[in-house]
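Following: one structure in C-alpha cells, then a few remarks.
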Amino acid sequence: MSDRVLVIEDESLVRDLVALNLKHGGCEVISAGTYAEGLEALRTADVDLAIVDVMLPGGEGFALVRTARDEGFKSPILMLTSRAEVTSKVRGLDSGADDYLTKPFDVAELMARVRSLLRRARGVATIPGRQIPIGNGCWLRIDTGIAQTNEGMVSLSDKELKLMELFLRHEDRVLSRADMLEEVWGMDAFPTDRTVDNFVLRLRKLFEPDPNAPVHFVTMRGRGYLFRRQVQGDA
C-alpha cells in the first residue's frame, strides 16, 4: 500500500515539483494551496506524512502545524520555508514539526527526509504499548515515555524517547552516529556527533547497571553504538 503524503504549498511550481517526485517515489499525493485548505486536509485526510510551507495565504504554517497537533494530528510533519535562520527552525520544531527544510532545496535531500520520517513513523507503530524490559529491573513504555530507571520512575524527553525507539527497532545492530542524527534529529546542521554521545551517556545513567562499564549501550569504536536489551546475567 502506498504512503499518502499531503503537500501544503502555495507556490504552484514548488507544489508540483514536490508532488511529482513523491509520485515517482511511489507515494500517493494530496495537495492544498492555502491555510484553510491545508487545515481542512489535515483534519479530514488520512495521510502518513504532511509537508507544510511556512508562508501560506490566510496564515502561517507554524500556526497551522500547532493547530493540527492540538487537534490530534499524529503523522510526521516536514516544514518547507525560505527562512534559513536557526530561530525559524526552532520555532517550526516547537510548533510540532518533525523536520525542517529550507528553500531552495535539493530534491534528493527532500526525498531522503521524507523516507526517514516515514520509516520512523512505521517503526514506532511496530513497538508495542507495554513495559519493555531493559536490563535488570528497568523498563520503558514507548507509548507514554515513562520508564523505570536507576533514578526511579522518570519521563523521557522527546529526543531520549526517539533515540530509544531507534535502538529498540535495531537491537543487536550497530548504528552509526550519522544514522542516529538523521533518524532522531533530522538532517539540520546544528546537532553534532557529540550530541549523540551526550544522549547515550544519559541513557546509560538511566538504564546501565554500571554506566562506566556499559553492557546495553555499547560503543563500537569507529562505527557507532550497539544496543542490547538483555545480557547474560539479567534477571
Side-chain angles (χ1 to χ4, degrees), residues 1-125 158 162 178-179 181-191:
M1 185 175 181
S2 299
D3 292 306
R4 302 185 77 208
V5 180
L6 170 62
V7 180
I8 306 173
E9 164 65 61
D10 66 313
E11 297 182 49
S12 59
L13 289 177
V14 176
R15 186 172 64 244
D16 292 345
L17 172 67
V18 172
L20 179 64
N21 282 277
L22 288 169
K23 290 175 182 176
H24 283 170
C27 297
E28 179 183 347
V29 180
I30 303 169
S31 296
T34 67
Y35 182 100
E37 291 173 357
L39 183 57
E40 179 64 19
L42 287 166
R43 286 170 169 168
T44 60
D46 182 15
V47 297
D48 301 292
L49 170 72
I51 299 176
V52 181
D53 187 32
V54 166
M55 302 304 296
L56 294 167
E60 276 195 327
F62 298 129
L64 178 60
V65 170
R66 173 55 62 199
T67 299
R69 291 301 192 205
D70 288 345
E71 294 183 0
F73 184 80
K74 300 295 185 184
S75 297
I77 296 175
L78 170 65
M79 297 201 78
L80 298 179
T81 182
S82 299
R83 301 176 180 178
E85 301 90 347
V86 170
T87 53
S88 293
K89 295 181 180 182
V90 172
R91 187 179 173 194
L93 297 172
D94 285 346
S95 296
D98 297 273
D99 202 357
Y100 201 104
L101 186 61
T102 54
K103 303 174 185 176
F105 54 83
D106 183 84
V107 171
E109 182 180 2
L110 169 69
M111 295 305 297
R113 288 175 185 255
V114 166
R115 290 191 297 270
S116 175
L117 289 170
L118 289 171
R119 283 198 308 270
R120 191 186 310 170
R122 285 193 294 267
V124 171
D158 177 65
K162 287 181 178 178
D179 290 334
L181 283 171
E182 178 181 344
E183 292 286 343
V184 177
W185 283 269
M187 289 180 283
D188 290 301
F190 42 93

Self-check item: Cationic N near anionic O, under 4.0 Å, R66 to D94
Solution: no
Quiz item: Can any side-chain N or O of E11 pair as donor or acceptor with the backbone N or O of L13 at less than 3.5 Å?
Solution: no
Self-check item: Derivation of the side chain to side chain contact (heavy atoms under 4.5 Å, CB included) call for Y100 and L78
Solution: CA-CA 6 Å; Y100 201 104; L78 170 65; 5.6 Å; no
Quiz item: Which atoms form the tightest heavy-atom contact between D48 and P76, and what is the distance?
Solution: O-CD, 3.2 Å
Quiz item: So, are D99 and R113 salt-bridged, with charged N and O less than 4.0 Å apart?
Solution: yes
Self-check item: Flag side-chain contact, heavy atom, 4.5 Å: L49 against S75
Solution: no
Quiz item: Would L117 and I77 satisfy side chain to side chain contact (heavy atoms under 4.5 Å, CB included), going step by step from the backbone distance to the final call?
Solution: CA-CA 8 Å; L117 289 170; I77 296 175; over 6 Å; no
Quiz item: Does G33 offer a backbone N or O that forms a donor-acceptor pair with the side chain of E37 under 3.5 Å?
Solution: yes
Quiz prompt | Worked verdict on R69 versus D98 for salt bridge (charged side-chain N to carboxylate O under 4.0 Å, His left out) | solution = CA-CA 11 Å; R69 291 301 192 205; D98 297 273; 2.7 Å; yes
Quiz item: Donor-acceptor pair, S116 side chain versus A112 backbone, under 3.5 Å?
Solution: no
Quiz item: Less than 4.0 Å between a side-chain N and a carboxylate O, is that true for K162 and E183?
Solution: no
Self-check item: Minimal non-hydrogen separation, V47 against I30, with atom names
Solution: CG1-CD1, 3.9 Å
